[in-house]
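Along the sequence shown, the residues carry numbers beginning at 1.
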Amino acid sequence: MGITGLLPALKSIARPISLEEYRGKTVGVDAYVWLHRAVHGCAYELGLGIPTTRYLSYCTKWLDMFAHYGVTPYLVFDGRRLPSKLSTETERQAKRQSMRKLALSHHLAGEKKQAEEYFQRSIDITPEIAYTLMQVLIERKLPYVVAPYEADAQLAFLSRNGHLAAVVSEDSDLLVFECPRVIYKLDITGAGSEIRHEDIPKVPDMQRLFESNPEKFRHLCILSGCDYLPSVQGIGLKTAAKFIASSSNYLEAIKTISHSPRFKVPSNYAREFVRAEMTFRFQWVYDPTTKEIVHLTSPPDLLAKYDMLFLGEPITDKKKLQGLITGTLHPDTLKPIPVAKVAVEAGLASPFGREISFVQPKQPTKPNSKVELGRLFTPVRQSNPKVVTSSQSRHFVSPSASTQIYPCLTPTKSYSTLTCHNVGISPLKKLPTPPETPLNSDPQAPSAKRSLSELSRQDEAVQAPEKRMKLDDLNSSDLDFSDEEVSSLLIP
């Protein structure tokens, strides 16, 4: 997670701070950092599929701490899977699966303590788990957003564009994304350690790099190993700094390393380095001002003729983008989050109660804060309430289900089957809705039933009749960068 050894190397510029310094301001938070910590306390239950929301208690303590200091937390959640990070995610998933197998073997052997330790290392934060935390934020009227892809890039964009005063995280990648201020090691008392990006040149080992080219800091971090590109064996932060400092650009540094008998450089390393560089610079993020998906940094015009699919596909459908950033759509499938299933898995509803389906409710004629929950539900007739048919065996709500987190899932009166609307924690509050104007209101517009890939191909045919080149075509040889145009593009 992040750049190994980077934070210790920047220890000299880390400044102890208190959250009190940001009173009255908005501070970004990597939501998955909180959730990863939170699930440690209930990993045993999650690993065995036992319904629990104990992880929410951990998160609410941090929200209360921010409220105590008068600071508004702006939580950012991870979104879709980033193609550039596919190999890293695949490796991590394999590790989690192996840890889960060990945890289950210890559980079957009656060794609960050992099983819990392995479960803690096997739990993955799913969009369904993140969704329950979003409901708490909605209830507290706190801002949040689901990033199109990675939360780090989204936090950096918000911070660099003045939406956030600082960012709370444990990931050193935020400094590579040029996030101005990052607060590390924040504890529950509000004390932490702040590192400012502008202070990095003050570090003795970094001063020479910034004097020649500030971009070399990012090149150093990529060469030493990051989430988008594993390091060459034997090259850490210090060794990478020597090669970057003694070379005019990172391409020259890669050539020098590849010619050294000490290191075994993969044949495609140079190409993957370029991809990692572009991922740090041009990743997709959401702009809350324009309400569109944009690049973290605007790429040069020369890149328009190259495909950069390793950055992921931009979401052009406004309704889907709105559903993604508000958390109502699953990041991977872009389909509605199964809220009833989430409630059952969280222990907020019983699979042996009454069926619910999430559709638009009948709204009361006169809004009233004291309106009864029953008025938000539309009863549906059922011939025999005691008989459960196959069509009713999807998700159910128990009449005695807890309403602490999901009061909208509680049946009222004596209805056997309920139809309710996904309105988060409070039944009187709705999640942000997409624009009412349909994207295909123009009769000449493409059919909505067509896939995004088909629409994307049609757009390319209109805007760029010539065949688009892939990034692999940037160089004829993995270690040969003789093309002047490519070199001028990739070297800042």
inquiry  = What verdict does the salt bridge (Lys or Arg N to Asp or Glu O under 4.0 Å) test give for K85 and E150, after you've listed the backbone C-alpha separation in whole Å, the side-chain angles of each residue and the deciding distance to 0.1 Å?
reply    = CA-CA 10 Å; K85 205 174 179 179; E150 286 200 304; 2.8 Å; yes
task = Could you walk me through whether K255 and E252 pass the salt bridge (Lys or Arg N to Asp or Glu O under 4.0 Å) test, one step at a time?
result = CA-CA 5 Å; K255 286 183 178 180; E252 181 181 327; over 6 Å; no
Check: [Y] and [X] side chains under 4.5 Å, non-hydrogen atoms:
X    : Y    : value
P300 : F282 : yes
V294 : W284 : no
E194 : L186 : no
L48  : L104 : yes
Y58  : L35  : no
I125 : H36  : yes
L324 : P331 : yes
L142 : L75  : no

ask   = S172 and side-chain contact (heavy atoms from CB on, under 4.5 Å): which partner among I195, L10, L7?
value = L7
ask   = How far apart are the C-alpha atoms of V27 and V168, what are their side-chain angles, what is the distance that settles it, and do they pass the side chain to side chain contact (heavy atoms under 4.5 Å, CB included) test?
value = CA-CA 7 Å; V27 174; V168 175; 3.6 Å; yes
request  = Can you tell me which residue pairs pass the salt bridge (charged side-chain N to carboxylate O under 4.0 Å, His left out) test with a partner in residues 156-165, sequence neighbours excluded?
outcome  = none
Qualifying salt bridge (charged side-chain N to carboxylate O under 4.0 Å, His left out) pairs, either residue in residues 95-122, two or more places apart = E91-K95, R96-D124
Within residues 79-116 or reaching into it, pairs that qualify as ring-ring contact (aromatic ring centres under 6.0 Å, His included) - sequence neighbours excluded = Y44-H107, H106-Y118
Heavy-atom donor-acceptor pair, [X] side chain to [Y] backbone, under 3.5 Å:
X    : Y    : result
K216 : A241 : no
S159 : L155 : no
T52  : E45  : no
E170 : K185 : yes
T132 : I129 : yes
N268 : R271 : no
D78  : A151 : yes
T297 : R281 : yes
D287 : K291 : no

task = Quick one: do K335 and L329 satisfy side chain to side chain contact (heavy atoms under 4.5 Å, CB included)? Show the steps, please.
result = CA-CA 5 Å; K335 294 182 179 180; L329 295 184; 5.6 Å; no
So does [X] pair up with [Y], basic N to acidic O under 4.0 Å?
X    : Y    : result
E215 : R218 : yes
D227 : R92  : yes
E313 : R80  : no

At their closest point, which heavy atom of [X] faces which heavy atom of [Y], and how far apart are they?
X    : Y    : value
P83  : L309 : CG-O, 3.5 Å
C179 : H197 : O-CB, 3.4 Å
L102 : S105 : O-OG, 2.6 Å
S169 : V33  : OG-CG2, 4.3 Å
M134 : G327 : SD-CA, 3.7 Å
A276 : I222 : CB-CG2, 3.9 Å

key: Side-chain donor-acceptor pair present, Q283, T279, cut-off under 3.5 Å   = no
inquiry  = Between Y131 and T126, does the side-chain hydrogen bond (donor to acceptor under 3.5 Å, both in side chains) criterion hold? Intermediate values first, please.
reply    = CA-CA 9 Å; Y131 180 85; T126 64; over 6 Å; no
task = Test V145 against Q154 for side chain to side chain contact (heavy atoms under 4.5 Å, CB included), laying out the working first.
result = CA-CA 9 Å; V145 68; Q154 183 67 43; 4.2 Å; yes
Side chain to side chain contact (heavy atoms under 4.5 Å, CB included) between T239 and K242, intermediate numbers included = CA-CA 5 Å; T239 305; K242 294 179 181 179; 5.6 Å; no
message = Using ring centroids (six-membered ring only for Trp), state whether Y144 and Y74 fall under 6.0 Å.
response = no
query = Between Y228 and F280, is the ring centre distance below 6.0 Å?
reply = yes
ask   = What distance separates S84 OG from L311 CG, expressed to the nearest 0.5 Å?
value = 5.5 Å
